[in-house]
There are 2 protein chains.
Amino acid sequence: MTEAELKDAGLKVTLPRLKVLQVLDNADPHHLSAEDVYRELVNADVTVGLATVYRVLTQFEQAGIVTRHNFDDGHSVFELATEEHHDHMVDLDSGKVIEFVNEAIEQLQHEIAEQHGYELVNHELVLFVRKAK
Amino acid sequence: MTEAELKDAGLKVTLPRLKVLQVLDNADPHHLSAEDVYRELVNADVTVGLATVYRVLTQFEQAGIVTRHNFDDGHSVFELATEEHHDHMVDLDSGKVIEFVNEAIEQLQHEIAEQHGYELVNHELVLFVRKAK
DNA sequence: ATTGCAAATGCGAATCAATCTCATTTAAGA
DNA sequence: TCTTAAATGAGATTGATTCGCATTTGCAAT
Ligand SMILES: [Mn+2]
Ligand SMILES: [Mn+2]
Ligand SMILES: [Zn+2]
Ligand SMILES: [Zn+2]
């Protein structure tokens, strides 16, 4: 349940936070910008400030509840942190985002970090693609 | 020589462009933001507008002379496009950027795109790492 | 149920990278 | 040297995100 997630993260259970979670849960293209979330809320007659949406999303990110991405450039998009890590592919023509999982690539990244005396904490991989002729 | 690069790209050989190229050439941490480049120029008594630096860097990117990255978040950094493609590793503690090349990862990315009916045009891979204990 | 108070919120102002506008300068071919 | 389209500089502007602060609210202890 969503309330538990908030409490576990040491965050008070407030209406804005619950509503933001709800929007992320029902998101169809499940990568939403802060403005996207804000618009959905306004649309649903939930009085909430844009600044609060930004604050809440950032807190959720720190709590591991959501993941932030910077696909193209300029603005961030968020998605609920699912149990399964995945990377993204952006169709340059349509802008559509495709998710994929590849264990071999994940493994290689750890090895590369190790070869340089580091441990991998996180990574961001985005493939920019075009429909094959 | 640098003039040739500009001409090949269909760009006039102007003083601002030459100077920007020069700064990128001598850049020690060779990932510079537009502001970084601008400051270097001002520092070297080259009268150039910040807007011009942004314009020139974008043109260079389109011409394949420089590569743009969005490591952390928020702003872009540029580096001269070397003959050899490479990816990056960011030390979360020091902020230092390490470059690496891994053919296996490059190969896998092409395969993944293909598996989804696409062809890989470009990609961005950044590893966020911490010194191993 | 009431109270106390730090945490959270809303709203407008402020920031900051990046882009745009437009009058002026300049590269480069004729 | 002349001509003209491209390039530039300075400042205004945009757009996403953050700040400041007065007000509200969750919630734990009465
Ligand atoms: Mn995703
Ligand atoms: Mn590099
Ligand atoms: Zn991954
Ligand atoms: Zn690569």
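Here is the naming used below: chain letters follow the sequence lines, and residue numbers restart at 1 for every chain. Given the structure is predicted, the values throughout are model-derived calculations rather than measurements.
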request  = Using five pairs at either end of the helix from C:dA1-D:dT30 to C:dA30-D:dT1, determine the angle between the two local helix axes and round it to 10 degrees.
outcome  = 30°

key: Apart from A:Val90 itself, residues in the same hydrophobic cluster as defined by side-chain heavy atoms under 4.5 Å   = A:Phe71, A:Val77, A:Leu92, A:Val97, A:Val126, A:Phe128, B:Val121

Under 3.5 Å, which N/O atoms of the protein pair with N/O atoms of nucleotides 27-30 of chain D?
residue: D:dC27; atom: OP1; partner: A:Val13; partner atom: N; Å: 3.0

message = Using the side-chain contact (heavy atoms from CB on, under 4.5 Å) criterion, which residues pair with A:Ser94? Sequence neighbours excluded.
response = A:Asp91, A:Lys96

task = Sequence neighbours left out, what passes side-chain contact (heavy atoms from CB on, under 4.5 Å) with B:His85? Give chain and number order.
result = B:Asp87, B:Glu106, B:His123

Using the rule that two of Ile, Leu, Val, Met, Phe, Trp, Tyr join whenever any of their side-chain heavy atoms come within less than 4.5 Å, decide whether [X] and [Y] are in one cluster.
X        : Y        : value
B:Val101 : B:Val129 : no
A:Leu108 : B:Ile98  : yes
B:Val66  : B:Leu50  : yes

ask   = Does anyone know the first and last nucleotide of DNA chain C in reach of chain B, 5' to 3', at under 4.0 angstrom to a heavy atom?
value = C:dA17 to C:dA28

note = Here the pair of heavy atoms bringing B:Gly49 nearest to B:Tyr38 is C-CE1, 3.9 Å

task = Return the minimal non-hydrogen interatomic distance between A:Leu120 and A:Ala113, and the atom names on each side.
result = N-CB, 3.8 Å

Show me the side-chain donor-acceptor pairs of residues 13-33 of chain A shorter than 3.5 Å, one per line, residues at least two apart or across chains.
residue: A:Thr14; atom: OG1; partner: A:Arg17; partner atom: N; Å: 3.4
residue: A:Arg17; atom: NH1; partner: A:Lys12; partner atom: O; Å: 2.9
residue: A:Arg17; atom: NH2; partner: A:Gln59; partner atom: OE1; Å: 3.3
residue: A:His30; atom: NE2; partner: A:Glu99; partner atom: OE1; Å: 3.2
residue: A:His30; atom: NE2; partner: A:Glu99; partner atom: OE2; Å: 2.3
residue: A:His31; atom: NE2; partner: A:Glu79; partner atom: OE1; Å: 3.3
residue: A:His31; atom: NE2; partner: A:His88; partner atom: NE2; Å: 3.1
residue: A:His31; atom: NE2; partner: A:Glu99; partner atom: OE2; Å: 3.2
residue: A:Ser33; atom: OG; partner: A:Glu35; partner atom: N; Å: 3.4
residue: A:Ser33; atom: OG; partner: A:Asp36; partner atom: N; Å: 3.0
residue: A:Ser33; atom: OG; partner: A:Asp36; partner atom: OD1; Å: 3.3
residue: A:Ser33; atom: OG; partner: A:Asp36; partner atom: OD2; Å: 3.1

message = Quick check: do B:Ile105 and A:Ile112 have side-chain heavy atoms less than 4.5 Å from each other?
response = yes

inquiry  = Less than 4.5 Å apart, side chain to side chain, heavy atoms only: is that true for B:Val53 and B:Phe78?
reply    = no

inquiry  = Rounded to the nearest 0.5 Å, what separates atom CG in B:Leu127 from atom OH in A:Tyr118?
reply    = 11.5 Å

Show me the side-chain donor-acceptor pairs of residues 3-10 of chain B shorter than 3.5 Å, one per line, residues at least two apart or across chains.
none

key: Qualifying salt bridge (Lys or Arg N to Asp or Glu O under 4.0 Å) pairs, either residue in residues 110-133 of chain A, two or more places apart   = A:Asp93-A:Arg130, A:Glu119-B:Lys133, A:Lys133-B:Glu119

key: DNA chain D-proximal residues of residues 53-67 of chain A, any heavy atom under 4.0 Å   = A:Tyr54, A:Arg55

In whole Å, what is the span from the [atom1] atom of [X] to the [atom2] atom of [N]?
X       : N      : atom1 : atom2 : value
A:Arg68 : D:dA16 : CZ    : C1'   : 11 Å
A:His75 : D:dT18 : NE2   : C1'   : 17 Å
B:Leu18 : D:dT8  : CG    : C1'   : 14 Å

Set of residues satisfying salt bridge (Lys or Arg N to Asp or Glu O under 4.0 Å) with respect to A:Arg55, sequence neighbours excluded = none

query = Near DNA chain C, under 4.0 Å by heavy atom, which residues of residues 32-52 of chain A?
reply = A:Thr47, A:Val48, A:Gly49, A:Ala51, A:Thr52

